[in-house]
Amino acid sequence: MNKIELVKDTITHEEIDELINWLKTYPRLTKGELTKEFETKWSKWIGCKHSVFVNSGSSANLLMLYALKFLNRLKNTKICVPSLCWATDLAPVLQLDLTPILIDCNLENLSVDLNHLEQIFILEKPSCLLLVSVLGLSPEMNEIISLCKKYDVILLKDNCESQGTQFEGVKLGNFGLMSSFSTYFGHTMSTIEGGVITTNDEEIYHTLLQL
């Protein structure tokens, strides 16, 4: 029986050689011109106004929630998180002393179960939903956005496994107040380590840069 690996290294020997040659030019290694260029191109590719490059998708999730807390945009500490997610979706909720509420998943796209989600919205009146797209699949965004508007819940999206995934012709990264991506070595497109936050909110964008 052959072992099926979850991920394979996407960095070629030629790319490593190019990286070594670039390092020999003694460039600025943190938040330099290439980072700004990458953020601009990423925004254009996704179709959003602003992108902020960070060190990982995990940090992107943490920073999204921290920005909301910093700007006092949370009406309470309750944050909904899918029961099928990564530790890096639940961990930042706990790190920031917020209260996680787990939402059951559906078996069609492995996202949140819409009936359970609405029940929680009615009973718990949470501030935020950190929605996760797993394995390149897309949730039913129209229904989820409608529920978030109806019950005044901020929508955040974790698209770390869903670079390039579209819902009705629109790339994930354009739904909700903020979206996170991962450019870890095993993901669709890699910077070896890294992550991105996208948003169309000007205040959020400048707050992310400050934080």
Side-chain angles (χ1 to χ4, degrees), residues 6 52 54-163 165 167 171-184 186-187 195-199 201 204 207-208 211:
L6 178 61
V52 178
V54 294
N55 66 301
S56 68
S58 307
S59 292
N61 288 338
L62 177 64
L63 192 56
M64 287 196 300
L65 285 171
Y66 186 33
L68 294 180
K69 190 172 183 180
F70 181 83
L71 291 171
N72 295 315
R73 292 206 188 183
L74 298 173
K75 61 186 179 184
N76 57 48
T77 64
K78 298 177 182 179
I79 310 295
C80 292
V81 181
S83 55
L84 179 58
C85 68
W86 296 97
T88 51
D89 297 299
L90 185 60
V93 179
L94 301 175
Q95 285 174 272
L96 293 171
D97 199 26
L98 300 170
T99 306
I101 302 175
L102 296 180
I103 309 298
D104 199 5
C105 73
N106 69 72
L107 299 181
E108 297 299 319
N109 54 47
L110 304 182
S111 183
V112 291
D113 178 271
L114 297 178
N115 291 327
H116 188 223
L117 182 67
E118 185 167 20
Q119 289 175 11
I120 292 298
F121 280 4
I122 294 170
L123 293 173
E124 299 290 347
K125 299 177 174 58
S127 286
C128 179
L129 166 63
L130 177 52
L131 186 64
V132 182
S133 299
V134 298
L135 301 175
L137 301 173
S138 175
E140 289 297 326
M141 295 309 307
N142 289 335
E143 287 87 344
I144 292 170
I145 290 170
S146 178
L147 288 174
C148 286
K149 288 181 178 178
K150 181 178 180 179
Y151 297 103
D152 187 29
V153 176
I154 296 170
L155 175 61
L156 304 180
K157 278 284 282 101
D158 176 345
N159 304 304
C160 289
E161 283 196 327
S162 304
Q163 294 177 19
T165 296
F167 177 79
K171 284 193 179 77
L172 299 185
N174 292 288
F175 300 95
L177 183 59
M178 288 177 275
S179 288
S180 64
F181 294 86
S182 171
T183 53
Y184 180 61
H187 287 161
V196 188
I197 302 171
T198 59
T199 184
D201 186 295
I204 287 287
T207 300
L208 291 171
L211 295 176

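These numbers come from the heavy atoms of this one structure, side chains and all, not from hydrogens, waters or symmetry mates.
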- Task: Test side chain to side chain contact (heavy atoms under 4.5 Å, CB included) on Ile204 and Ile197 and set out the steps.
- Result: CA-CA 10 Å; Ile204 287 287; Ile197 302 171; over 6 Å; no

Quick one: side chain to side chain donor-acceptor pair (under 3.5 Å) partners of [X], sequence neighbours excluded?
X      : result
Asn174 : none
Asp152 : none
Ser111 : none
Thr199 : none

- Message: Filter on salt bridge (charged side-chain N to carboxylate O under 4.0 Å, His left out), then keep only pairs touching residues 100-123, sequence neighbours left out; what's left?
- Response: Glu118-Lys150

- Message: I need the full list of salt bridge (charged side-chain N to carboxylate O under 4.0 Å, His left out) pairs touching residues 94-103, with sequence neighbours left out, sorted by first then second residue.
- Response: none

- Assess whether side chain to side chain contact (heavy atoms under 4.5 Å, CB included) is satisfied between Met178 and Leu68, documenting all intermediate values. CA-CA 10 Å; Met178 288 177 275; Leu68 294 180; 3.9 Å; yes

- Message: For a quick test of reading the model, state the closest non-hydrogen atom pair linking Ser180 to Ala60 and the distance between them.
- Response: CB-CB, 3.7 Å

- Restricting to pairs with a member in residues 63-75, which pass side chain to side chain donor-acceptor pair (under 3.5 Å), not counting sequence neighbours? Arg73-Asp201, Arg73-Glu203

- So side chain to side chain donor-acceptor pair (under 3.5 Å) across residues 120-133, not counting sequence neighbours, yields Asn76-Ser127, Lys78-Glu124, Ser133-Lys157

Quick one: list whatever passes side chain to side chain contact (heavy atoms under 4.5 Å, CB included) with [X], sequence neighbours left out.
X      : value
Glu143 : Leu114, Glu140
Leu62  : Pro92, Gln95, Leu96
Ser58  : Ser56, Thr88
Ser146 : none

Is there a side-chain contact between [X] and [Y], using heavy atoms and a 4.5 Å cut-off?
X      : Y      : answer
Asp89  : Pro82  : no
Phe121 : Cys80  : yes
Leu74  : Cys128 : yes

- Task: Show your working on side chain to side chain contact (heavy atoms under 4.5 Å, CB included) between Cys85 and Asp158 and close with a plain yes or no.
- Result: CA-CA 9 Å; Cys85 68; Asp158 176 345; over 6 Å; no

